[in-house]
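Residue numbers start at 1 and run along the sequence shown. Order of listing sets the numbers, starting from 1, for every ligand and every atom in it. Any value given below was found using the heavy atoms of this structure, including those in side chains, with hydrogens, waters and symmetry copies removed.
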Amino acid sequence: MTDCLFCKIVSGDVPAKIVRESAGTVAFRDINPQAPTHVLVIPRVHHPTVAELAASDAELLAELVREAHQVAVGEGVAETGYRVVFNTGAQAGQTVFHVHAHVLGGRGLNWPPG
Ligand code: 5GP
Ligand code: ZN
């Protein structure tokens, strides 16, 4: 998608602090971090939401979740605990409609989230 911010991060047209890459995914630091670790993991190909990714490529969704865990390992938060969030839809706070897993950790995380 030519008009998608995260597609532009995948292509390198928009710079980002890349943390990890896999065949199907890119992980980079959120520009407005909400925790000491706040990394976004996205598929290289454009899918708007996690539900649409699950419906069209379940293996890529599994790769995304595996990569989210490897980000947590690399950030040193896998043992203490981390949260993987897929905001879906405007009321849930989704602002970029290229599916992304938020990987949050490094501090106590409230439950339920606001
Ligand atoms: P959402 O609100 O859709 O769940 O998450 C979008 C996330 O993308 C937000 O946490 C926001 O801070 C982050 N974000 C928005 N624009 C950019 C950008 O240009 N670069 C990076 N690295 N993160 C961005
Ligand atoms: Zn996109």
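Geometrically, ligand 1 and Thr95 share a nitrogen or oxygen pair separated by less than 3.5 Å. Close N/O approach between Val96 and ligand 1 is found [any backbone or side-chain N/O within under 3.5 Å].
Put simply, the side chain of His47 never gets that close to the backbone of Asp57: no donor and acceptor are under 3.5 Å apart. A distance-only check finds no donor-acceptor pair linking the side chain of Asn110 to the backbone of Pro113 [under 3.5 Å]. Gln91 contributes no side-chain N or O that, together with a main-chain N or O of Gly89, makes up a donor-acceptor pair within less than 3.5 Å. The main-chain N or O of Gly24 is found under 3.5 Å from a side-chain atom of Glu63 such that the two form a donor-acceptor pair. Between the side chain of Arg44 and the main chain of Ser22, a donor-acceptor pair closer than 3.5 Å is present. In this structure a side-chain-to-backbone donor-acceptor pair under 3.5 Å is missing from Glu67 to His69. Side-chain atoms of Thr80 do not come within 3.5 Å of backbone N or O of Ala78 as any donor-acceptor pair.
Under the side chain to side chain contact (heavy atoms under 4.5 Å, CB included) rule, Val50 has a single partner from Leu64, Val99, Asn87, which is Val99.
For ligand 1, the atoms lying closer than 4.0 Å to a non-hydrogen atom of Asn87 are 4 (O). Close contacts between ligand 1 and Asn32 involve ligand atoms 12 (O) [criterion: under 4.0 Å to a heavy atom].
The closest protein non-hydrogen atom to atom 22 (N) of ligand 1 is Arg29 O, 2.9 Å. Of the protein's heavy atoms, Asp30 OD2, 2.5 Å lies nearest to atom 10 (O) of ligand 1. Looking only at protein heavy atoms, the nearest one to atom 2 (O) of ligand 1 is Gly93 O, 2.7 Å. Given atom 20 (N) of ligand 1, the protein heavy atom at minimum distance is Ile31 CB, 3.8 Å. Of all protein heavy atoms, the one closest to atom 19 (O) of ligand 1 is Leu5 CD2, 3.8 Å.
Residue contacts with ligand 1: Ala16 is excluded, as none of its non-hydrogen atoms falls under 4.0 Å. Taking 4.0 Å as the cut-off, His100 counts as a neighbour of ligand 1 on heavy-atom distance. For the ligand labelled ligand 1, residue His102 lies inside the 4.0 Å heavy-atom shell. For Phe97, the heavy-atom gap to ligand 1 stays at 4.0 angstrom or more.
Rounded to 10°, the angle that SG of Cys4 and ND1 of His98 form at the Zn ion (ligand 2) is 110°.
In summary, His46 places an N/O/S atom under 2.8 Å from the Zn ion (ligand 2), meeting the contact criterion.
When heavy-atom distances to ligand 1 are checked against a 4.0 Å cut-off, Phe6 comes that close only through its side chain, counted from C-beta outward. At a heavy-atom cutoff of 4.0 Å, ligand 1 is contacted by no atom of Val85, backbone or side chain.
The pair Glu75-Arg29 meets the salt-bridge criterion, with a side-chain N (NZ, NE, NH1 or NH2) lying under 4.0 Å from an Asp/Glu carboxylate O.
The aromatic rings of His100 and Phe6 sit perpendicular to each other, their planes meeting at more than 60°, with 30° as the lower class boundary.
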message = Applying side-chain hydrogen bond (donor to acceptor under 3.5 Å, both in side chains) to His38 and His102, what does each step give before you reach the verdict?
response = CA-CA 7 Å; His38 189 173; His102 294 259; 2.8 Å; yes
